[in-house]
Visitor: 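Would you mind keeping the following structure in view while I ask a few things?
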Amino acid sequence: MSDAAVVCGLGGALPETVVSNDELAATLDTSDEWIRTRTGIERRHVIKPGEATSDLAVEAGRRALESARAQDGTAPDDIDLVVLATSTPDHPCPATAPLVAERLGLGGVAAFDISAVCTGFVYALAAAASMLSAGTARRALVIGADTFSTILDPCDRTTRAIFGDGAGAVVLRTGHAGEPGELLGFDLGSDGAGAEMITVRAGGSRQRSTGLAAPDGDQWFSMQGRAVFTEAVLNMSKSAQALIGRVGWAGEGPDRVVAHQANVRILRAVGDQLGLSAEQIVVNLDRVGNTVAGSIPLALADAVATGGLRPGHRVLLTGFGGGLTWGSTALIWPELATVPTHIHA
Ligand code: UT7
């Protein structure tokens, strides 16, 4: 039995509708200038009424499967596990992953959701890689997908300026230690004392959904932006450094860091902490905003498509989000037949 989990497919999906900063400023007390300078974001994609997270997850999954098929002949029948990271599932119950598996024609496989907000994709990679290493599965589709436009307070200029909808996915297969694409290790952590910093208060077992409107806008997502900013820089930098040590890159460091895309000032600060140049920090939030669990795989797909990420690069992925949660992993980027991040039609 092999003990390595290797990336062999990558895809992303964005909804068709684009909302520019100027369009937001037409209905909110904000401006293109404020959003660009404070966050680096220029536009984001949002789903239409009637669309849901699974629609984006299916599209990203389909593209990752096409990429894996072109890469090494992976067929849908070869997939025996679907792990979906999301904090905006189609329904509170059941999980969205079984539905996504069924719509992709993978019915019958093990399928479950992971809830770790913006760190969800890294947690999902860790769960799937562990199951591959343990022999529980042989090929996994790992998806990060979120539609935060469905839970944002329409009047909250802070959150509406940042978040966008999107999904990204990778295919993992079992392989051999030392192969390009092998996930080299993980650093994962959490701090529940910070749970209130990023939250949707109502709708769970603590503050139940009664069919009536929740008090004080508790049905909406809320975030303590400034505190989260500080925690994001601190924890992504610490986690990345811990992982760099663990995988033996302390000398040369990573060539590229693909960090959770929330704010370009956070990305620059993490780059400074790691002693990296601007070119080494992948940025695509200007075009998509913060897509939560979709963020890291979408940034990967974008960096591959634009040539910023190339085979042989030492790549470090790091995320931070609600929980609080954080996590990092690393790999040597493999030759991949990637399918461009198409707009979801
Ligand atoms: O994805 C999970 C992780 N999330 C993050 O990492 C997000 C981290 N946080 C951030 O990116 C930033 O904190 C924000 C972009 C959310 C906010 O930027 P900031 O520079 O930290 O602003 P602030 O919250 O300290 O607010 C400064 C001012 C406030 O006005 P007053 O009280 O000084 O008059 C805000 O009301 O900026 C105001 N403000 C805005 N003004 C115009 C906040 N959002 C906006 C806006 N347009 N969209």
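As the structure lists them, so they are numbered: ligands from 1, and atoms in each ligand from 1. None of these values were measured; they are calculated from a predicted model. Worth knowing before you read on, the calculation uses all heavy atoms, side chains too, and leaves out hydrogens, waters and symmetry mates.
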Visitor: Which residue and atom name correspond to the protein heavy atom nearest atom 2 (C) of ligand 1, and how close is it?
Guide: Cys118 SG, 3.3 Å
Visitor: What's the shortest distance from atom 6 (O) of ligand 1 to any protein heavy atom, and which residue and atom give it?
Guide: Ile266 CD1, 3.2 Å
Visitor: Under the side-chain hydrogen bond (donor to acceptor under 3.5 Å, both in side chains) definition, can you give me all pairs with a residue in residues 306-320, not counting sequence neighbours?
Guide: Asp255-Arg314, Thr318-Ser328
Visitor: For atom 25 (O) of ligand 1, grab the closest protein heavy atom and report residue, atom and distance to one decimal in Å.
Guide: Arg226 NH2, 2.5 Å
Visitor: Heavy-atom distance under 4.5 Å between the side chains of His45 and Arg287, does that happen here?
Guide: no
Visitor: Would a 4.5 Å heavy-atom cut-off, applied to side chains only, mark Leu104 and Val58 as touching?
Guide: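 With C-beta onward as the side chain, the pair touches.
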Visitor: Among protein heavy atoms, which sits nearest to atom 19 (P) of ligand 1, and what does the distance come to when rounded to 0.1 Å?
Guide: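 Here the nearest protein heavy atom works out to Arg265 NH2, 3.8 Å.
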Visitor: How about Phe163 and Met223: do any of their side-chain heavy atoms sit closer than 4.5 Å?
Guide: yes
Visitor: State whether Glu42 and Arg36 are salt-bridged, where the test is any N-O pair (Lys NZ or Arg NE/NH1/NH2 against Asp/Glu carboxylate O) under 4.0 Å.
Guide: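 Yes.
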Visitor: Does the protein put any heavy atom within less than 4.0 Å of atom 34 (O) of ligand 1?
Guide: no
Visitor: Is there at least one protein heavy-atom neighbour under 4.0 Å from atom 31 (P) of ligand 1?
Guide: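 Flag for atom 31 (P) of ligand 1 set to false, no protein heavy atom closer than 4.0 Å.
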Visitor: What protein heavy atom sits nearest atom 12 (C) of ligand 1, and how far away is it?
Guide: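 Looking only at protein heavy atoms, the one closest to atom 12 (C) of ligand 1 is Asn263 ND2, 3.9 Å.
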Visitor: Ignoring hydrogens and angles, state whether a donor on the side chain of Thr86 or Asp146 is under 3.5 Å from an acceptor on the partner side chain.
Guide: yes
Visitor: If you have a sec, work out which protein heavy atom is nearest atom 20 (O) of ligand 1 and how many Å separate them, to one decimal?
Guide: Arg38 NH2, 2.8 Å
Visitor: Regarding atom 38 (C) of ligand 1: of the candidates His260, Gln224, Arg157, which has the closest heavy atom?
Guide: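 Going through His260, Gln224, Arg157 one by one, Arg157 has the nearest heavy atom to atom 38 (C) of ligand 1.
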Visitor: With a 4.0 Å cut-off on N to O distance, would you call Arg63 and Glu59 a salt bridge?
Guide: yes
Visitor: So if I count the atoms of ligand 1 from 1 in the order they appear, which ones are less than 4.0 Å from some heavy atom of Ala161?
Guide: 48 (N)
Visitor: Tell me, which pairs form a side-chain hydrogen bond (donor to acceptor under 3.5 Å, both in side chains) where one or both residues lie in residues 150-162, sequence neighbours left out?
Guide: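 The answer is Asp29-Arg157, Asp156-Thr159.
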Visitor: In the protein, which heavy atom is nearest to atom 14 (C) of ligand 1, and how far is it?
Guide: Ile162 CD1, 4.2 Å
Visitor: Looking only at heavy atoms, which two atoms of Ala169 and Ala60 are closest? And how far apart?
Guide: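 Result for this residue pair: CB-O, 3.7 Å.
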Visitor: Side chains of Arg268 and Asn263: any donor to acceptor distance under 3.5 Å?
Guide: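 No, no side-chain donor-acceptor contact under 3.5 Å.
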Visitor: Which of these, Val228, Thr291, Thr230, Thr159, has its nearest heavy atom closest to atom 5 (C) of ligand 1?
Guide: Val228
Visitor: Test your reading of the structure: does Asn290 have an N or O sitting under 3.5 Å from an N or O of ligand 1?
Guide: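 N/O-N/O distance below 3.5 Å exists for this pair.
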Visitor: What are the atoms of ligand 1, with element, lying closer than 4.0 Å to any heavy atom of Met223?
Guide: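 Every atom of ligand 1 under 4.0 Å from some heavy atom of Met223: 4 (N), 7 (C), 16 (C).
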Visitor: Show which atoms of ligand 1 fall inside a sub-4.0 Å distance from at least one heavy-atom site of Thr39.
Guide: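 Contacts of ligand 1 toward Thr39, numbered from 1: 15 (C).
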Visitor: Any side-chain heavy atom of Asp286 within less than 4.5 Å of one from Val264?
Guide: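 Result no, sub-4.5 Å side-chain heavy-atom pair not found.
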Visitor: Does any N or O atom in Thr30 lie less than 3.5 angstrom from one in ligand 1, N or O only?
Guide: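 Yes, since at least one N or O of Thr30 sits under 3.5 Å from an N or O of ligand 1.
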Visitor: So is Arg160 close enough to ligand 1, meaning a heavy atom under 4.0 angstrom away?
Guide: no
Visitor: Under 30°, 30 to 60°, or over 60°: which ring-plane class applies to Trp326 and Phe320, parallel, tilted or perpendicular?
Guide: parallel
Visitor: Evaluating non-hydrogen atoms only, which member of Trp34, Phe163, Phe229 is closest to atom 18 (O) of ligand 1?
Guide: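 Ranked by closest heavy atom to atom 18 (O) of ligand 1, first place is Trp34.
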Visitor: For atom 47 (N) of ligand 1, decide whether some protein heavy-atom distance is shorter than 4.0 Å.
Guide: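 For atom 47 (N) of ligand 1 the answer is yes, since some protein heavy atom falls inside 4.0 Å.
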Visitor: Do any nitrogen or oxygen atoms of Gly225 come within less than 3.5 Å of a nitrogen or oxygen of ligand 1?
Guide: yes
